[in-house]
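The structure appears below as structure tokens.
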Protein chains: 2
Amino acid sequence: MTVDSIKRIRNFGRAVAVEVGALDDSFLDRGRPLGAARVLNAIGLGYEQVSDLRAFLKLDTGLLSRLLRGLEAEGLIETTTNPNDRRGRITRLTAQGRVEFDIYEKLSDERAAATLARHKHAHRLLEAMDIVTIALSRDRIVFEEVDYASDIAAQCLGAFAAELSNRLNVEFDLKKSGDPELSQMTHPHGAFVVARLGDMPVGCVGVKGSGGTLAEIKRMWIAPAARGLGLARQLMTAAEDAARALGIDTLRLDTNSTLFEAVSLYRAMGWQEIDRFNDDPYPDLFFEKRL
Amino acid sequence: MTVDSIKRIRNFGRAVAVEVGALDDSFLDRGRPLGAARVLNAIGLGYEQVSDLRAFLKLDTGLLSRLLRGLEAEGLIETTTNPNDRRGRITRLTAQGRVEFDIYEKLSDERAAATLARHKHAHRLLEAMDIVTIALSRDRIVFEEVDYASDIAAQCLGAFAAELSNRLNVEFDLKKSGDPELSQMTHPHGAFVVARLGDMPVGCVGVKGSGGTLAEIKRMWIAPAARGLGLARQLMTAAEDAARALGIDTLRLDTNSTLFEAVSLYRAMGWQEIDRFNDDPYPDLFFEKRL
DNA sequence: TCATTTAGCTGACTTTAGTCAGGTATCTTC
DNA sequence: GAAGATACCTGACTAAAGTCAGCTAAATGA
């Protein structure tokens, strides 16, 4: 079984190496060596400090320095000293550099679009790619508080609502005007936490308070492609931390007994079953945790 | 939607590039430059002719020639002229070269095992990897007749039986002694066709004959990770070709109406619905095709 | 048969990547 | 404020990768 698994991973590696290599090749089409292209790309992505660039690209100080001089000579970047630490330097794309960066971005997009075009019904492929992406980059998933009205929160809530509508076979629209949740999941009443991989949302949870020391956990969602990685636990921990920071000492939540994985997670994390505290028809299990 | 799909593919590319790069790095541990290691690896994989090596590795003739001389000097390979075309050359691993190749294989296996170890419940990840592997390498899937008793046939049949047992919730064991299918799916009575990607089985189908001009299609299976790619059609075509080559002019099959995708494929490929021709309880639809 | 093509080799070269030992300016710490 | 650490630079180097013209030997094809 394990031998077979290793074979499967190696087959995977071989298959994707072709795609990855093709992208690098397309980067050479601009006549610039790959090293310089990668530096330009990193700067365009927002790595400004030379030290950050070095860490990100894993380049020797001398080599990076020379590549930067090269891009400078091409008129693609400008460097200034970092005002906060005048040993360090800040690099920035010039207008021309921005143009060139955008061309590389376009090349990447075209590569990806070509892959997509080769697969008419790519839904399953994309889903599988997401699973792989998230699993391989699990360590880079960040959990952070965001505004309930932010873009990434909206993405999470939209996916959450779509899934709920689909599963319960009812209309479930979070966007209806005057959402009373908004202020209750915003400081100082409550908070909203998302888990994301880069700009890709992979989970969320809301702490819904009313100004007192009691709050409720709501809108708990993990992206389908991110399930089975133990993110729920991390997300709950982040939510508890956020609640504590707001001065909340008791959290409640409602759930359904058919979601046995979630239920056993709550129990494992120290939640106590309590009596029904609302009259929603869907939940049949109620929990409380003292922080 | 498409813009989003492109983002997902690019995120995927970024995530796997790290893994792919790590493998290359581990190849450098042997002290040999990557180019030479790749040539050695390709020879070990069975690329014997220098021209094949060149095409596979996309190397300049001069560069490859020099790399081959280097490996020769290390005593890892031997070259002889190709007796069929004495301009060409054949390369082969020496015993020492085989040892070195095996070490690289082990390094690759260890890399894969390390990836596996990082993911305790890797089942979902492996399944997703399979989907990606097969989708990206779809063009390299080969359809070929194999012996019903061969190893790859056994793998297909085992997977087929496991799936059927699971789906019908009954014991379904193809391995019971004296399988009557064996001779009926072997030349000259019948045939067995598999679809494979390298050594990874992705589908199979049997043509079960009894010496006459009538035969039956049986054991049609597509690996779960390979579904949605249109392989069934190619597999059926290969089965029809095999049947024709055996002098068979009429094919029959039974199926279940709930498998509507399969049923519509049969209709699209020119199969005609006929009356029930056996009394198995599972199938409720019967088809025939004149070749 | 003889011109042409093909397969592979070698020599001479350039480019790219990477390493390392200095050096200067700046920051940190005691 | 001196000692040490840090950030970045340059020069000098090596190794690896890649390019190209020209060569020989063999096969191909009119």
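Note that these values count all heavy atoms, side chains included, but never hydrogens, waters or copies made by symmetry. First the proteins, then the strands, lettered A, B, ... as listed; each starts at 1.
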task = From the options D/dA17, D/dA7, C/dA17, select the nucleotide whose nearest atom is closest to the side chain of A/L63.
result = C/dA17
query = Where the side chain of B/S65 is defined as all heavy atoms beyond and including C-beta, which of C/dT10, D/dG18, C/dA17 is the nearest nucleotide?
reply = C/dT10
task = Grab the CG-P distance between A/D60 and D/dC9 for me, whole Å please.
result = 12 Å
task = Consider the side chain of B/D85, meaning its heavy atoms from C-beta on, and name the nucleotide among D/dA27, C/dT10, C/dG8 that approaches it most closely.
result = D/dA27
ask   = Going by modelled atom types, is there a donor-acceptor pair between the base of C/dC9 and the side chain of B/T61 at under 3.5 Å?
value = yes
query = Considering only heavy atoms and no angle criterion, is a donor-acceptor pair shorter than 3.5 Å present between the side chain of A/R66 and the base of C/dG18?
reply = no
ask   = What is the distance, rounded to the nearest whole Å, between atom CG of A/L59 and atom P of D/dA7?
value = 16 Å
key: A/T80 and A/R92: CA distance, side-chain angles, deciding distance, side-chain contact (heavy atoms from CB on, under 4.5 Å) verdict   = CA-CA 8 Å; A/T80 52; A/R92 230 183 305 271; 3.9 Å; yes
request  = Round to a whole Å and report the spacing from CG of B/D52 to P of C/dA7.
outcome  = 10 Å
ask   = CD of A/E72 versus P of D/dT10: gap in Å, rounded?
value = 9 Å
key: Test log, rule salt bridge (charged side-chain N to carboxylate O under 4.0 Å, His left out), inputs B/R244 and B/D241   = CA-CA 5 Å; B/R244 252 187 294 267; B/D241 292 346; 3.2 Å; yes
query = On DNA chain C, nearest-nucleotide positions of A/G31 versus A/N82: which is more 5'?
reply = A/G31
inquiry  = Rounding to an integer number of Å, can you tell me how far B/R32 CZ sits from D/dA17 P?
reply    = 12 Å
task = Go through the side-chain N and O atoms of B/N11 and B/R14 and say whether any donor and acceptor fall under 3.5 Å apart.
result = yes
query = D/dC8 phosphate, OP1 or OP2: any side-chain N/O from A/R54 under 4.0 angstrom?
reply = yes
message = Which nucleotide wins on minimum distance to the side chain of A/P33, given the candidates D/dA17, D/dC8, C/dT16?
response = C/dT16
Derivation of the salt bridge (charged side-chain N to carboxylate O under 4.0 Å, His left out) call for B/E72 and B/R69 = CA-CA 5 Å; B/E72 229 167 23; B/R69 290 302 81 69; 2.8 Å; yes
ask   = Rounded to whole angstrom units, what separation is found between the CG atom of A/L28 and the C1' atom of C/dA17?
value = 13 Å
key: Distance, rounded to the nearest Å, where A/R87 contributes CZ and D/dA7 contributes C1'   = 6 Å
query = Within the side chain of B/R138, is there an N or O that forms a donor-acceptor pair under 3.5 Å with the backbone of A/R118?
reply = yes
request  = Give B/L64 one of three labels, base, sugar-phosphate or nothing, depending on what nucleic acid heavy atoms sit under 4.0 Å from its own.
outcome  = nothing
inquiry  = Quiz question: going by heavy-atom distance under 3.5 Å, is there a donor-acceptor pair between the base of C/dT26 and the side chain of A/R86?
reply    = no
key: Nearest-Å distance for atom pair CG/C1', residues A/D25 and C/dT16   = 15 Å
